[in-house]
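The structure displayed is predicted, hence computed values, not measured ones.
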2 protein chains.
Amino acid sequence: MTLSSRAVGVKDVAARAGVSLGTVSNVLNRPDRVSASTRVRVEDAMRELGFVRNESARQLRAGQSRVLAYVVLDAGNPFFTDVAQGVELEAAETDLWLFICNSDNSTERERAYLDLLQQQRVQGILITPVDPEAEHLRDVAGRGTPLVVVDRTQQGLDLCSVAVDDVLGGRLAVEHLIDRGHTQVAFIGGPLSIGQVQDRWKGAQQAWSEAGLPPEALHLLPTSTLTVGEGRGAGERLVGLPSRRRPTGAFCANDLLALGLLQQAVASGRRVPDDLAIVGYDDIEFAAAAAVPLTSVRQPRQELGRTATELVVDEANNPDHTHTQVTFTPELVARTSTMG
Amino acid sequence: MTLSSRAVGVKDVAARAGVSLGTVSNVLNRPDRVSASTRVRVEDAMRELGFVRNESARQLRAGQSRVLAYVVLDAGNPFFTDVAQGVELEAAETDLWLFICNSDNSTERERAYLDLLQQQRVQGILITPVDPEAEHLRDVAGRGTPLVVVDRTQQGLDLCSVAVDDVLGGRLAVEHLIDRGHTQVAFIGGPLSIGQVQDRWKGAQQAWSEAGLPPEALHLLPTSTLTVGEGRGAGERLVGLPSRRRPTGAFCANDLLALGLLQQAVASGRRVPDDLAIVGYDDIEFAAAAAVPLTSVRQPRQELGRTATELVVDEANNPDHTHTQVTFTPELVARTSTMG
DNA sequence: TTGTATGCGTTATCAG
DNA sequence: CTGATAACGCATACAA
C-alpha cells in the first residue's frame, strides 16, 4: 500500500512513533532496553510504514554479513543440490542463510560470481570449482573472504577443502565388476581434465592391474561432459566394438552417464545386467529409482556440505583457524544393475 | 598475501597509486575519463593491495542492486533447476546475477528468505511459493521490491505471475490414456492443497467425464508429498486393489512420483506399459532417460524462467509497468511408458 | 529514555 | 586530472 516517497528509514519510523531515532535502533537491536509499551508503538509504526531494514547500511557499519554462498558447478545435477542441502542444514544452526550460485561449468561465470560475492562481503564462500588450482580461488582467501573447496582435493595446504577419495571410489567400482566375473570392462567418462574423473579412472586402473588382468581389456571410452546424453552416446559406441572384445561391464564416472547408458542399452534390446552390467557414481536419488536400480558409489553428500560449512564458519570466526583438508570415504551400493 | 590492517578502500588505492580518490572512482566507474597511463597505475595498485569494491557502500549510495533472487520450493527437483536456468540466461543478458534460495517447502523459511532479500534490496524476487495467496507475498510488493510468482496462478491481479495451464495438462494426460484404451485409471498425487495437484486432478476428471466414463473408474490415490519414495508407495497400494477394478493406467502429478511408481512396478514384475501404462508430469530430463522412457506432460520450463525474469526487470525499471499474468500451454510427450 | 553527532566506503559534484 | 565535500541509512556512544 505504502506508495509513499520511497525509502522508509529509521527516522521515519521514529517520527511516526513519536520517539527518538536511537529508540528505534534499540527496538531493532536491543529490544530489552526499551519499555514494552514504546516497543509496541515502534513496531506498529514499522508495520504501518512498511519499514524494511537496509542491510547495505547495516552491513557497511557492522562489516559482517549473515549469508554464506555456495557456488556449484551444475545446479541441474542432483549431487550438488544434495550437498547444498547439507550446507543449509548446518548453516541454519548457526543462524546463517545460503545463496546458491551456478557457475554452470564456466570459469568466467565462476570468477564473476566470486567477485560479486566478495564485493557483497558474504561471511564465507563454498565452491566446487571448475579447476581447484585456479589462481582466483587463492586470491579470494588472500583478500579476506573465507573460502572452502568442496568435492575437490587441494594440492596446496593453503585452503580448506572437503572431498571424497575418488581413487578409492574407482577401485571399489571396478573391484565389484571383477568380483562379478567381468573380464572386459569399459570406463566411461570425461574429460579427464576433471580431477574426479581422472581419479576414478586411476582407481579403476589400479584395481584392474592388481587383479592381474590385461590393460587392454579395460577400455577407456571418453566423453566430453558428464551428462545423460553423453551416456547414451557412449552406449552406441560400446555396441560398435567387436563382440570378442566388447565389455560386459561398464563403470561410469557419474550417475548421469550411467542412466544414459542404461537407457540406451535397454532401448537397444540389451538386458541389464545380463548383457551389460553398469556401475554409476554419486548414488543420486534417481539411481535407486531407475527402473533397473543402479549400482553406484555413494558419497556422503550431506556430510560434505555440513563439514564444509563448519570449516568456513570456523575460518570466519576463529582467529586460530588452521586450514584443513578433510577426506571422506566412499562406499559401494550394489543393486540390480550388476546383481541381476 | 595482503595480511594488512584489514579493509583496503579506495583511498588506500589512491595513496598507493599516487592519485586522488576521485580518480580511483573514475577508473572504477568511468574509465574513459582517465588517461591510459594513470588508469594502468591505478589498476596495478588495486591488484597489489587486493582491493575489493564494497558492494554495501556502493549500493547504499546507488540504492540499487544488480542481483535477482529466485526462491524455489525444492532445490532437489530438477524442474525448478531448469526454471532457474531460464532465469539465469535471461538475467545474464540484462547484466544481472542470480542467487537461488531454497524454501524447501517451508512457509517459515520462505518468509525468512523474503525478509532477507528485501533487506538486501535485491533488484527483484522470483518465487515459487508454498501458498500463492499468502499475505507476505503481497507485503513484499507493497514495500517496493518487485516480485513475480512462478509456476502458480494468482487469484488477484495485483502481482505478476507466470504459470502453466495445469487443468489442461491434466486433461492431456488422461485423454491420452483414454485414447490408448484404458478404462480403469489412477490419479496419483497430493496433497490436494497444492494448487498444481488440484488443477491436474481437476483436468483429469474433466477429460474422464467428457469421455462418458464412470467416475468410480478414475481412482484417486493421494500421496503426502511429490517424491520418488511416495511414488513407490503408491505402486504398492495399486497392487492391493482388486484385480477387476485395478487400474491399467496411471497419471502421476509429477515425474518424481512417476519414476517411483515405474521402479516399483518393474521391481514387482509388472511390465510397462503392457500391465501398467504411466504418464508423468514436468518432463524432467530423467523422464526421457528412464530405462522405460516416460510419457510426460511438458512445461516450457526455461521459458517460464525467462518470462518471469522479463517481468521482474520490467517491474523494477519501467514506471508504467502493469502487472501481468502469463499462462503457458503444456504439451504431452508420448514415450514408451504408454506406447509400448 | 532522548537528542545529537560520528563513521562505515563509495559515488558524484564542483571549482580549481 | 586534483582536492574537498556531501550524501546514502544505520548503529553506537555520549551527554543530558
Side-chain angles (χ1 to χ4, degrees), chain A residues 4-43 45-46 49-66 115-116 118-122 143-145, chain B residues 4-43 45-46 49-66 115-116 118-122 143-145:
Chain A
S4 60
S5 55
R6 267 299 100 78
V8 179
V10 279
K11 71 182 63 141
D12 302 296
V13 175
R16 170 77 164 225
V19 301
S20 85
L21 186 156
T23 304
V24 176
S25 182
N26 279 335
V27 170
L28 249 20
N29 305 299
R30 305 113 123 204
D32 45 301
R33 293 200 189 170
V34 179
S35 78
S37 65
T38 59
R39 188 175 59 226
V40 170
R41 208 143 41 87
V42 170
E43 287 168 345
M46 296 200 290
L49 263 39
F51 169 75
V52 179
R53 235 201 188 107
N54 186 324
E55 179 73 17
S56 298
R58 182 180 162 72
Q59 197 175 307
L60 180 57
R61 184 112 223 295
Q64 260 240 101
S65 114
R66 297 128 60 209
D115 282 346
L116 182 64
Q118 290 175 267
Q119 288 170 16
Q120 299 255 354
R121 299 290 192 270
V122 295
R143 288 177 187 151
T145 303
Chain B
S4 60
S5 54
R6 264 301 95 81
V8 179
V10 279
K11 71 182 63 144
D12 302 297
V13 174
R16 170 77 164 225
V19 300
S20 85
L21 186 157
T23 303
V24 176
S25 180
N26 280 334
V27 170
L28 249 20
N29 304 298
R30 307 112 121 201
D32 45 301
R33 293 200 190 171
V34 179
S35 77
S37 65
T38 60
R39 187 175 59 228
V40 169
R41 205 141 43 87
V42 170
E43 286 168 346
M46 297 199 292
L49 264 40
F51 168 75
V52 178
R53 234 198 188 109
N54 186 323
E55 180 71 18
S56 298
R58 181 181 164 72
Q59 197 174 308
L60 179 57
R61 184 114 224 295
Q64 260 240 101
S65 110
R66 298 131 56 213
D115 281 347
L116 181 64
Q118 290 176 266
Q119 289 170 16
Q120 299 255 353
R121 298 290 192 272
V122 295
R143 287 178 188 152
T145 304

### Message
The test is side chain to side chain contact (heavy atoms under 4.5 Å, CB included); show your working for Val42(B) and Val19(B) and say whether it passes.
### Response
CA-CA 8 Å; Val42(B) 170; Val19(B) 300; 3.9 Å; yes
### Task
Round to a whole Å and report the spacing from NZ of Lys11(B) to C1' of dT10(C).
10 Å
### Task
Please report, rounded to the nearest Å, how far the P atom of dG9(D) is from the CD atom of Gln120(B).
17 Å
## Note on the structure
From CD of Gln64(B) across to P of dT11(C) the rounded distance in Å is 15 Å
### Query
What does nucleotides 11-16 of chain D look like as a protein-contact string, B for base, S for sugar-phosphate only, - for none, at under 4.0 angstrom between heavy atoms?
BB----
### Validation row: Gln59(A), Gln59(B) side chains within 4.5 angstrom (heavy atoms)
no
## Note on the structure
Contacts of Val24(A) and Gly9(B) projected onto DNA chain C by closest heavy atom; the upstream (5') one is Val24(A)
### Query
Rounded to whole angstroms, how far apart are CD on Gln118(A) and P on dT10(C)?
14 Å
### Task
Kindly indicate, with the supporting measurements, whether the criterion side chain to side chain contact (heavy atoms under 4.5 Å, CB included) is fulfilled by Gln120(A) and Gln120(B).
CA-CA 10 Å; Gln120(A) 299 255 354; Gln120(B) 299 255 353; 3.7 Å; yes
### Message
Applying side chain to side chain contact (heavy atoms under 4.5 Å, CB included) to Arg58(A) and Asn29(A), what does each step give before you reach the verdict?
### Response
CA-CA 11 Å; Arg58(A) 182 180 162 72; Asn29(A) 305 299; 3.6 Å; yes
### Task
Take Arg33(B) and Ala57(B), find for each the nucleotide of DNA chain D with the closest heavy atom, and name the residue whose nucleotide sits nearer the 5' end.
Arg33(B)
### Nearest-0.5 Å distance that lies between atom CD in Gln118(B) and atom CG in Asn54(A)
12.0 Å
### Task
Indicate the atoms forming the closest heavy-atom contact of Ser65(B) with Arg121(B), along with that distance.
CB-O, 3.3 Å
### Summary
Taken to the nearest whole Å, CE/Met46(A) to P/dC10(D) is 11 Å
### Query
Ser56(A) near the nucleic acid: base, sugar-phosphate alone, or nothing, with a heavy-atom cut-off under 4.0 Å?
nothing
### Contacts of type side chain to side chain donor-acceptor pair (under 3.5 Å), residue Asp115(B), not counting sequence neighbours
none
### Task
Take the protein atom CG of Leu60(B) and the nucleotide atom P of dT10(C), then report the distance between them rounded to whole Å.
12 Å
### Message
Please report the distance, rounded to the nearest Å, between CD in Glu55(A) and C1' in dG9(C).
### Response
16 Å
### Task
Check the distance between dC10(D)'s P and Gln59(B)'s CD and give it to me in whole angstrom.
13 Å
